[in-house]
Amino acid sequence: MPSPRPPVPSDRPRPSRPLLPRPPLPALPAPLRPYARLFAVPGALAFTLGNLLARLPMGMFSVSAVVMIAGSRGSYALAGAVTATGLAATALLAPRVARLVDRYGQARVAVPATLVAALGGLGLLLCVHYGAPDWTLFASYAATATTPNTGGMSRARWAYLLKGDAEALHTANSFEQAADELCFMLGPVLAAFLCGTFFPEAGTLVGGVLLVTGVLLFAAQRSTEPPVMPAHRAQRSPLTSPGMPPLLAVCLATGAVFGATEVVTIAFADAHGHRTAAGVVLAFQAAGSAVAGLVYGAVGAKGPAARRYPWCLAAMAALLTLPLLAAALSGALPLLAAALLVAGSATAPTMITTMTLVQERTPEGRLNEGMTLAVTGLLGGIAAGSATGGWVAEHLSPTAGYGVPVAAAATALLLSVAAAGSGDRPSRGGTSDKVPGLRPSRAPSPPPSGTRHTG
């Protein structure tokens with residue numbers, strides 16, 4: 001493990017980072033040029049590759065645990081209870097781990113936290129393999145909650161490297177969201193392949209190796225790591241920042257969209273005799289979101305993020321009616337997959353705008369914690385949406401279950417509109433007069449160069 005970088009003293013100015021280079025790139029198609037400029041930043045490609053390697057297991061662990069536990073103990077109820085315990089532990093521990101990351105630095109905290117999580121996964125594997133009592137499965141899987149928010153740490157590095165360049169940061173957030181979608185689309189497929197082809201513990205084992213390797217590679221890129229803020233300059237908690245509590249409430253409702261959609265789709269496929277095809281159908285939704293995220297990052301976005309946010313949520317609520325209609329009018333899975341593909345195109349713009357608002361409303365020096373709080377809200381919503389969607393699908397019908405994500409998206413929209421009208425947000429000038437250190441909601445306009453400006 002590399003030696004930690006000391007905190008930046010209070011009398012030393014924050015090191016300035018060069019803005020994204022703007023040379024013309026005639027050899028590349030226009031949609032790819034923003035991403036080419038993004039990865040022209042020194043060190044960006046190296047930390048991104050390590051982070052992607054560490055992020056892929058995020059979509060593997062729960063599927064691997066369910067397959068491994070259910071196959072060994074013959075109980076999906078036990079497997080579900082164990083994974084739910086891990087989710088609850090993550091909701092409690094993740095913000096605290098992120099706070100430590102902000103206070104002491106990514107490398108100093110992420111590496112030991114990852115090793116603890118990997119040991120928890122290894123303990124789960126051994127307990128399952130050797131038939132240990134059920135309570136040991138809960139204890140082992142709960143230890144994996146120390147896994148650091150790798151996506152949040154990557155976004156924090158982009159925010160540091162691209163400070164003052166709103167257009168480039170929008171492209172970076174778009175890329176990160178597309179990466180999230182791809183990892184959560186490919187992770188379950190890889191986990192199912194490993195567990196089915198080799199042995200039930202293979203998915204957990206490979207996921208742990210990928211996580212540790214990726215975090216070590218990511219942490220080794222010290223030149224792009226954001227400096228920590230000295231303790232005497234630390235800002236108040238993101239929970240008390242203007243605009244953050246209502247934003248986290250919207251995250252909770254948005255997470256319910258994802259959780260309900262997943263469970264209801266599995267129930268719908270099972271009801272039509274194609275349970276094994278549910279993963280492929282859900283992959284269409286993730287694919288639609290990933291493509292939309294890349295396009296959204298390439299074309300840019302106009303106006304402040306707070307103004308765009310209700311429109312993104314409205315589009316998500318409207319497009320989620322398509323799976324409901326497809327399920328009601330036809331039981332054909334190809335039609336449902338096509339509807340989810342289109343509906344998924346609203347997910348990435350919504351999540352990109354969410355993370356942009358989190359970056360704007362989080363006090364300086366607490367960005368990892370702010371983004372992890374947003375992820376925690378999403379996880380809580382996923383758990384609630386899964387439970388609600390499953391209940392509706394079982395007691396009413398899987399088709400009726402598709403009404404749950406529509407209702408959740410509509411709730412998120414109403415919450416965002418209510419928050420916009422409450423005045424509990426940063427001022428138009430970009431900084432809040434209540435909390436010093438908030439990031440500006442709009443970057444200064446760049447010099448005339450024919451480039452886009454995003455808020």
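Worth saying up front: this structure is predicted, and the values here are computed from it rather than measured. Sequence positions, counted from 1, serve as the residue numbers for this chain.
Formation of a donor-acceptor pair under 3.5 Å by the T83 side chain with backbone atoms of S62 is not found in this model. Under the 3.5 Å distance criterion, the side-chain polar atoms of Q285 are left unmatched by any main-chain donor or acceptor of V281. The backbone N or O of A113 sits less than 3.5 Å from a side-chain atom of T146, completing a donor-acceptor pair. Using modelled atom types, one side-chain atom of T147 and one backbone atom of T144 make a donor-acceptor pair closer than 3.5 Å. Formation of a donor-acceptor pair under 3.5 Å by the S345 side chain with backbone atoms of V342 is found in this model. No donor-acceptor pair under 3.5 Å is formed between the side chain of T372 and the backbone N or O of P95. In this structure, the side chain of S241 does not engage the main chain of M244 through any donor-acceptor pair within 3.5 Å.
Y309 pairs by the ring pair (Phe, Tyr, Trp, His ring centres under 6.0 Å) definition with nothing, not counting sequence neighbours. Checked against ring pair (Phe, Tyr, Trp, His ring centres under 6.0 Å), Y296 has the following partners two or more places apart in sequence or in another chain: H170. Listed by chain and number, the residues in a side-chain hydrogen bond (donor to acceptor under 3.5 Å, both in side chains) with N173 are T356, Q359 (sequence neighbours excluded). The side-chain hydrogen bond (donor to acceptor under 3.5 Å, both in side chains) test applied to Y141 returns no partner, not counting sequence neighbours. Under the rule for a side chain to side chain contact (heavy atoms under 4.5 Å, CB included), A88 has no partner lying at least two apart in sequence or in another chain. Scored by the side chain to side chain contact (heavy atoms under 4.5 Å, CB included) test, P310 finds L413, S416, V417 as partners (sequence neighbours excluded). Every residue two or more places apart in sequence or in another chain was checked for a side chain to side chain contact (heavy atoms under 4.5 Å, CB included) with L414, and none qualifies. In terms of the side chain to side chain contact (heavy atoms under 4.5 Å, CB included) criterion, residue partners of A283 (sequence neighbours excluded) are, by chain and number, M185. Considering only residues two or more places apart in sequence or on other chains, N51 meets the side-chain hydrogen bond (donor to acceptor under 3.5 Å, both in side chains) condition with R55.
Q177 and E181 share a donor-acceptor pair across their side chains, judged by distance under 3.5 Å alone. A side-chain N or O of Y402 and one of T265 form a donor-acceptor pair less than 3.5 Å apart.
Taking every heavy atom of both residues into account, T354 and C251 meet most closely at CG2-SG, 3.7 Å. Between P398 and A267, the shortest heavy-atom distance links the atoms CG-O, 4.0 Å. Nearest heavy-atom pair across A346 and L319 is CB-CD1, 3.8 Å. The minimum heavy-atom distance linking A142 with A89 is given by the pair O-CB, 3.9 Å. Of all the heavy atoms in L210 and P57, the pair that sits closest is CB-CG, 3.6 Å.
Residues H129 and L126 have side chains not in contact (no heavy-atom distance under 4.5 Å, counting atoms from C-beta outward). Residues L124 and L137 are in side-chain contact: their nearest non-hydrogen atoms beyond the backbone lie under 4.5 Å apart. Side-chain contact check for Y160 versus P227: some heavy-atom pair is nearer than 4.5 Å. Contact of the S397 side chain with the F268 side chain is not registered, since no non-hydrogen atoms from C-beta on lie closer than 4.5 Å. Residues F175 and I352 form no side-chain contact, since every pair of their non-hydrogen atoms from C-beta on lies 4.5 Å or further apart.
For the ring pair (Phe, Tyr, Trp, His ring centres under 6.0 Å) condition, no pair includes a residue of residues 352-384, sequence neighbours left out. A side-chain hydrogen bond (donor to acceptor under 3.5 Å, both in side chains) check over residues 86-97, counting only residues at least two apart or in different chains, returns nothing. Counting only residues at least two apart or in different chains, ring pair (Phe, Tyr, Trp, His ring centres under 6.0 Å) contacts with residues 346-399 comprise W391-H395.
For the atom pair CZ (R99) and CD (E369), the distance works out to 4.5 Å, reported to the nearest 0.5 Å. Going from atom CG of D102 over to atom OG1 of T362 covers 9.0 Å, rounded to the nearest 0.5 Å. Separation of atoms CD (E360) and CG (L169) is listed at 9.0 Å; rounding is to 0.5 Å. Atom-to-atom distance recorded for E225:CD and R108:CZ is 10.0 Å, nearest 0.5 angstrom. Here the CG-CG distance, from L100 to N368, works out to 11.0 Å after rounding to the nearest 0.5 Å. Expressed to the nearest 0.5 Å, how far CE of M316 lies from OG1 of T321 amounts to 12.5 Å.
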Checklist entry - Going through the checks in order, is the side chain to side chain contact (heavy atoms under 4.5 Å, CB included) test met by L367 and R155? => result CA-CA 9 Å; L367 188 54; R155 288 177 172 91; over 6 Å; no
Next on the checklist: side chain to side chain contact (heavy atoms under 4.5 Å, CB included) for M355 and E176? Distances and angles first, verdict last.
Outcome noted: CA-CA 10 Å; M355 290 304 173; E176 291 296 327; over 6 Å; no
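Checking T48, L45, L162 one by one against L38, the side-chain contact (heavy atoms from CB on, under 4.5 Å) holds for a single residue, L162.
Summarising the local packing, CZ of F258 is surrounded by more than 12 heavy atoms from other residues, nucleotides or ligands at distances under 6.0 Å.
For the pair R157 and F218, the distance from NZ or CZ to the six-membered ring centre is under 6.0 Å and the angle to the ring normal is within 45 degrees.
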